[in-house]
Amino acid sequence: MSFTVFTDGCSNLPGRLLTELEIRVLPCSYVLDGVPGTYEGDIDAFDTHAYYDKLRSGSVMKTSLLNTHLFLTHFRPELEAGRDVIYVGMSSGISGTIQAARIAAEELTEEFPERTVRVVDSLGAGFGPGLLSCRASELRAEGKSATEAADILDEEVMHLLQYFTVDDLNFLKRTGRVSGATAAIGTVLNIKPLLWGDPTGHIVALQKCRGRKKAIDAIVELYRTKAIHPETQRIAISHGDCEADAKLLADRICEICQPKELIICPHEPFTGAHVGPGMLALFFFGEHR
C-alpha cells in the first residue's frame, strides 16, 4: 500500500465500502441535547431513523470541527510506518476542518520530509468527500503515488456535482442558509429549494420548486443533462430518513442510464443536522461545476 486514504464521518460511506476500499475514517464529535457523542463514520452502524426522529421532535444537534491534534494523532503513525497520507475532507466553504488538516500536514511534512501528506478539499459534504475517497482508493490500486492521486483528485473535485433538496426550510434557517422570513414564506407556499455545492464549495440555492415532486424532477433533469458516462460511475443518493423518496429518485436515475454502482444511504448525522429530516441528495461526476 503506497499511501493511506483518510476521510472523516462526514463522508457518508457505508461500512462495506470502507472495508472493501481500505478507507480510514476520523470520528466526528457532537453534542445532542446537551449530551456529548462521537460519530465513528460508518453510516450502517448508526441509528439514523431514531436520530432524524429526534430532530423532528425539536432536538438540537451541535457539531464541532475536527481539530489539528486529531489529524496529527492519526496521520503520524502512518508516516512512521513509511506510508504516505491523503486526507479527503468536507468543503472549506462550509467548515474550518480542512484548514486544521492543512496545519497538521505542514507540521508533519517538516517532521517527515521524505513522506507525502496531501489534503484534498472536496468542496462538498456527505458523499462529496465520500466518492472522492473512493476514487483515491481506486487510484492507489492502479499504482498511483500519493502525489499523483492527489493531483488527479484536485482536478476531479470540479467535476463532482452535488444537488439536494430539503423538506423543512427551518433547518437551513438555523444555520443561516436562508432568512427567517424566507423560511416562513417557503413553508406556507410549499417551496422546496434545489441547492448545490458551487465552485467555491459553498451551499447555494439553484432554483425554487413548488412541491417535492418538482424538486425531484429538477434533480433528475440535472443528472440527465450533466452526467458524463454514468455507466462507468459510482453514483450516490443520501436521504434524511425518507427512503421511499430516495428509491424513487434511484429508479428515475436508472431509467436514464444504469450506473456502474448506485449507493443509497441515509445522510450522515454530522451535516444532517443542518439540512434536517427529508433532505434528499444526488452525487455524481459530470460537467464542470
Side-chain angles (χ1 to χ4, degrees), residues 10-12 90-91 93-94 121-132 134-135 153 155-169 171-172 177-178 182 186 189-240 242-268 271-272 274-289:
C10 298
S11 65
N12 219 130
M90 182 168 57
S91 172
I94 58 177
D121 183 352
S122 72
L123 298 179
F127 273 113
L131 291 183
L132 288 168
C134 293
R135 281 289 292 139
L153 292 174
E155 292 181 4
E156 293 190 352
V157 162
M158 298 311 296
H159 293 278
L160 180 55
L161 301 179
Q162 306 155 81
Y163 300 104
F164 69 99
T165 188
V166 298
D167 195 46
D168 187 344
L169 285 166
F171 286 91
L172 290 173
R177 299 299 175 193
V178 300
T182 298
L189 297 179
N190 194 27
I191 298 297
K192 305 300 181 185
L194 178 62
L195 303 108
W196 77 306
D198 75 4
T200 66
H202 293 84
I203 302 301
V204 296
L206 188 61
Q207 59 181 278
K208 297 176 182 178
C209 303
R210 184 68 66 86
R212 182 75 159 185
K213 180 181 182 300
K214 289 186 178 179
I216 293 175
D217 288 344
I219 293 174
V220 171
E221 187 59 25
L222 284 164
Y223 173 79
R224 182 194 307 277
T225 58
K226 293 183 176 293
I228 296 175
H229 301 301
E231 71 278 2
T232 67
Q233 286 195 41
R234 174 182 288 114
I235 290 169
I237 294 171
S238 64
H239 62 91
C242 53
E243 188 175 7
D245 282 349
K247 289 181 176 178
L248 172 62
L249 177 58
D251 289 342
R252 298 281 303 279
I253 290 302
C254 291
E255 286 174 3
I256 296 171
C257 181
Q258 181 73 45
K260 181 182 73 173
E261 181 179 358
L262 178 58
I263 307 166
I264 304 176
C265 282
H267 193 72
E268 46 82 16
T271 61
H274 304 285
V275 290
M279 172 271 195
L280 182 65
L282 177 66
F283 302 81
F284 62 94
F285 288 93
E287 296 179 0
H288 201 275
R289 293 195 201 194

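All residue numbers in this chain count up from 1 along the given sequence.
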To the nearest 0.5 Å, what is the distance between [atom1] ([X]) and [atom2] ([Y])?
| X | Y | atom1 | atom2 | result |
| --- | --- | --- | --- | --- |
| Glu287 | Thr225 | CD | OG1 | 6.5 Å |
| Arg224 | Asp217 | CZ | CG | 10.0 Å |
| Leu195 | Gln207 | CG | CD | 10.0 Å |
| Glu268 | Ser11 | CD | OG | 7.5 Å |
| Leu206 | Thr165 | CG | OG1 | 11.0 Å |
| His288 | His159 | NE2 | NE2 | 5.0 Å |

For [Y], does its backbone N or O pair with a side-chain atom of [X] as donor and acceptor, under 3.5 Å?
| X | Y | value |
| --- | --- | --- |
| Arg252 | Ile219 | no |
| Ser91 | Ser122 | no |
| Glu156 | Leu132 | no |
| Gln162 | Ile203 | no |

Does atom CD of Glu221 have more than 12 heavy-atom neighbours from other groups under 6.0 Å away?
->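 Buried by this count: over 12 neighbours within 6.0 Å.
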Could you pull out the closest heavy-atom pair between [X] and [Y], with the gap in Å?
| X | Y | result |
| --- | --- | --- |
| Arg234 | Cys134 | NH1-CB, 3.4 Å |
| Phe284 | Lys226 | CE1-C, 4.0 Å |
| Gly93 | His202 | O-CD2, 3.2 Å |
| Leu280 | Ala246 | CD1-CA, 3.7 Å |
| Ile94 | Gly201 | CG2-O, 3.8 Å |
| Asn12 | Cys265 | ND2-CB, 3.9 Å |

Knowing that exactly one of Leu131, Ile263, Ile264, Leu282 qualifies, which makes a side chain to side chain contact (heavy atoms under 4.5 Å, CB included) with Ile235?
->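 Passing option: Leu282.
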Only one of Asp198, Thr200, Leu161 passes side chain to side chain contact (heavy atoms under 4.5 Å, CB included) with Arg289; say which it is.
-> Leu161
Min side-chain heavy-atom separation [X]-[Y] under 4.5 Å:
| X | Y | value |
| --- | --- | --- |
| Phe164 | Ser238 | no |
| Pro230 | Tyr223 | yes |
| His239 | Pro266 | yes |
| Leu153 | Arg135 | yes |
| Val220 | Ile256 | yes |

If you measure from the Lys or Arg side-chain nitrogens to the Asp or Glu carboxylate oxygens, is any gap between Asp251 and Lys247 under 4.0 Å?
-> no
Does the pair Asp167/Lys192 count as a salt bridge with the N-to-O cut at 4.0 Å?
-> yes
Evaluate the ring planes of Trp196 and Tyr163, with Trp represented by its six-membered ring, and classify them as parallel (under 30°), tilted (30 to 60°) or perpendicular (over 60°).
-> parallel
